[in-house]
Amino acid sequence: MNLLNDLANPVRFERYARMIFPAVLGFALLTGAAGLYFALFNSPADYQQGEAVRIMYVHVPAAWMSMFCYSVMAGASAVGFIWKHPLADVAAKETAPLGAGFTILALFTGSLWGKPMWGAWWVWDARLTSVLVLLFLYLGYMALWRAIPDKARAARLAAILAIVGFVNVPVIKFSVEWWNSLHQPASIIRADGPTIDGAMLTPLLLMIAAYMSAYVAMLLPSIRNELTARRLARLQFVDETRAAELVEQ
Amino acid sequence: MNQQTTTESTRPSIEQAERVIFSASGLAVSRGGRPVLTNISVRAEPGDAVVLRGPNGVGKTTLLRAFAGLLRPDHGEVLFTDAADAGRIRDRSEASVFCGVLNAHKAALTLRENLNFWAALYNAPQTRIEAASAQLKLDPYSDYPAGALSTGLARRLGLARLMIAQRPVWFIDEPTASLDSASSENFVAQVEVHRRRGGLVVIATHDPLPLSGARIFELTTKVAA
Amino acid sequence: MTRKQKRTFLLFAVFIAAGLALGLTLTALRTSITYFYTPSELLVLDAPPANTIRLGGLVEDGSLVHGEMSGVDVKNAVVSFTVTDGGATTAVRYAGLLPDLFREGQGVIVQGRLDERGTLIADTVLAKHDENYMPKEVMDALKEQGLWQDGEEVGS
Amino acid sequence: MSALGAIIARDIRLAFRAGGGAAQGVTFFALTGVMFALAVGPDIALISKIAGPVLWTGALLATQISLDQIWRADREDGSLDVLVETSDMLALTALAKAFAHWAATALPLIIATPILGVMLNLPAEAYAPLAISLAIGTPGLSLIGCIAGALVVSLPRAHLLIAIIVSPLYVPILIFGSGAAMSDVGAPQYGANLMLLGATVLFAAILSPLASAAALRSNLD
């Protein structure tokens, strides 16, 4: 656990961040390039969907990351809320926009992928709909942060919302799948196909690694910015008024 | 604050309030991420009257809310211990009542409905409602909708809740700000009755209230280093 | 009652609520799996269900009859076919557009009401592209009828 | 218990007094139905088919617009401090407030459903499923709404923020509720939908008081 309270002190965090940032960024670019190469040139077209399947290499990692980021957000919120760990609050706050970005990417590529197969830009397919609802969970979380001026309070409230949201995600996912099967017992074409053969797996895993490291590479600087912004804000207060003390006359 | 669960004490009747010692030690409170109060320590015995003074915005209300447990201090502790057997820690929900600048009544309910509602919350018998209404001379206005009351009357209604709660420690923020002189004197008299029964009050005010033997505290930021 | 009693009572209430919620979900899931009938199940039922039901099975080869104008509804051609699960067959009449993936010998789920002669007047017909998207329940039901051997290619 | 009973009685009395929330919910509910019928046109077959979901969505929106008042009114006049000060467990007070909100907004809706059902040519056998699904589902709307209300209580006006926060959390209740309202009483999914709806509301009944209490404690100063 000492890493956790190590990270609690912002100065030490910034030293770690500065150290690993170039490595993470490099790793992201490397795996991204390799992944794209494999995805575009070195993997078979799908026997049913033809070339359209290549969108899968961008869509599936994005959908996966949207869920991963939400779980990180909820986890960091819980740590921040229970142990009052300032850095965890900032991590959760800065993860949200990235998670929302992945969700929008997933939705966008999802509909791009759907057009050739289902003939419509948007199909109320169970998976796409769940990702859409997840996007609203992100928007609600970010809107709550922005609406509350006092950052310390905003952190606690947003943490509660993130945890409530996280606990509801499985219920929402189940209800959307149920809703989908209710009106259309089995989706005619499944988005990610029942099985992915070996040749397709390598680009997919590369892309997921690329997305993951890109997320970390984007997260670190935004956490640093937020920390410096808060330090500035606190400096501005301190010199104006000092905390009051009680003196008996 | 280690909170021992105390058995449900018998409701203190209006004749004798339970004798409780209030103490805050090393309290530090911040609002909006900004430190507002630091190393606040004060102790009050049954019968005491503590008056908090200080310029506007220095944090009097924040301090009262922290005492009343309506605000989480950064660090430090607020304790209510039984005067008779000092070891036993009293639970705040039985020991203190907070009356802020807002009167906590519903405009759409009549004065009597508001009093009855509070009585239910504080588990107070019917007799105590009548006593509180009489003590603050509110009987003629029982059926007025609270929204129609003047600010002075509304304030007296808000203060009546202290009588209904019948808890030993009173935290009051600007009790007499909108009261006329007669009502103000009457309220001070009620406070003296409460103190004689072993209760204690902590009041944030600028009015020079004639409280006998009151201990005056000043909240100030310009403390000699 | 004291605070401690209240807390234990509440904990007890939470457990009851959680258990009830779980129970409700499980029963809901169990009943929903078999929420469609196969032709042989329909046959065996003593009183045909009056309300909308779902019928799953294969479109019997050669049973598809197009364009039979029903007196009432000239606008869309009425189609009739029979659905079989190997054991029994149920006649189905459907007025409306058939999904393009609908073919004889294909898996299908039909939703509608049974009329007095036991023919299913369908309001929705849902066809499948190929076998591995057939809902599991239909697969199991067909296997029970012995009509289905694992891995055997059916349809196009 | 009398304290919780007093809170419920007070909130319901306030809601039904002038300017209270109750009338607001029912009128919004009726308006949605009427506007929808006007928009869709007099195609009775179509209207009757979608009357259930329309009324369910109307009930959801009607509940949602009145969530803002559950805690804000108390905070603005100072009675929130009293509620916190006198409650053994704030979660129980939150449960009472959610129930009071349900009784003040959803109950009138459920009572008004038959009238609106007639206007929207709801088929006769669809009244029971609609009313029952609303009766089981709307408490969940108030419970989850209670969390959102507590989260934003310190903000001057937060209607839009509450809407964004609760909408994703309302999805399961809307799906199961509307699903039950649309299916015939005999159909197996009717029972399944109702059971899932009940399970979701029970889940909300456990989660919501805890989350609301935590949110209120963070919003006290």
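Letters A, B, ... mirror the listed sequences (proteins, then strands); counts begin at 1. Quick caveat: nothing in here was measured; it's all calculated off a predicted structure.
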Note to self: Which residues pass the salt bridge (charged side-chain N to carboxylate O under 4.0 Å, His left out) test with A:Arg230, not counting sequence neighbours?
What the structure shows: A:Glu226

Item checked: Contact origin within B:Leu27 toward chain A - heavy atom pairs under 4.5 Å -> neither

Check: Relative to chain A, which segment of B:Val58 carries a heavy atom at a distance below 4.5 Å: side chain, backbone, both, or neither?
Finding: both

Item checked: Cation-pi geometry met for B:Arg43 and B:Phe22 (6.0 Å, 45°) -> no

Tell me which donor-acceptor pairs under 3.5 Å the side chains of residues 142-151 of chain A have, and how far apart each pair is, sequence neighbours excluded?
residue	atom	partner	partner atom	Å
A:Trp145	NE1	A:Tyr141	OH	3.1
A:Asp150	OD1	A:Ala152	N	3.0
A:Asp150	OD1	A:Arg153	N	3.4
A:Lys151	NZ	A:Ile148	O	3.3

Next item on the list: Answer with yes or no whether the side chains of A:Ser222 and A:Asn225 bring together a donor and an acceptor at under 3.5 Å.
Entry: no

Note to self: Given heavy-atom pairs under 4.5 angstrom as the criterion, report whether the side chain, backbone, both or neither of B:Val29 touches chain A.
What the structure shows: neither

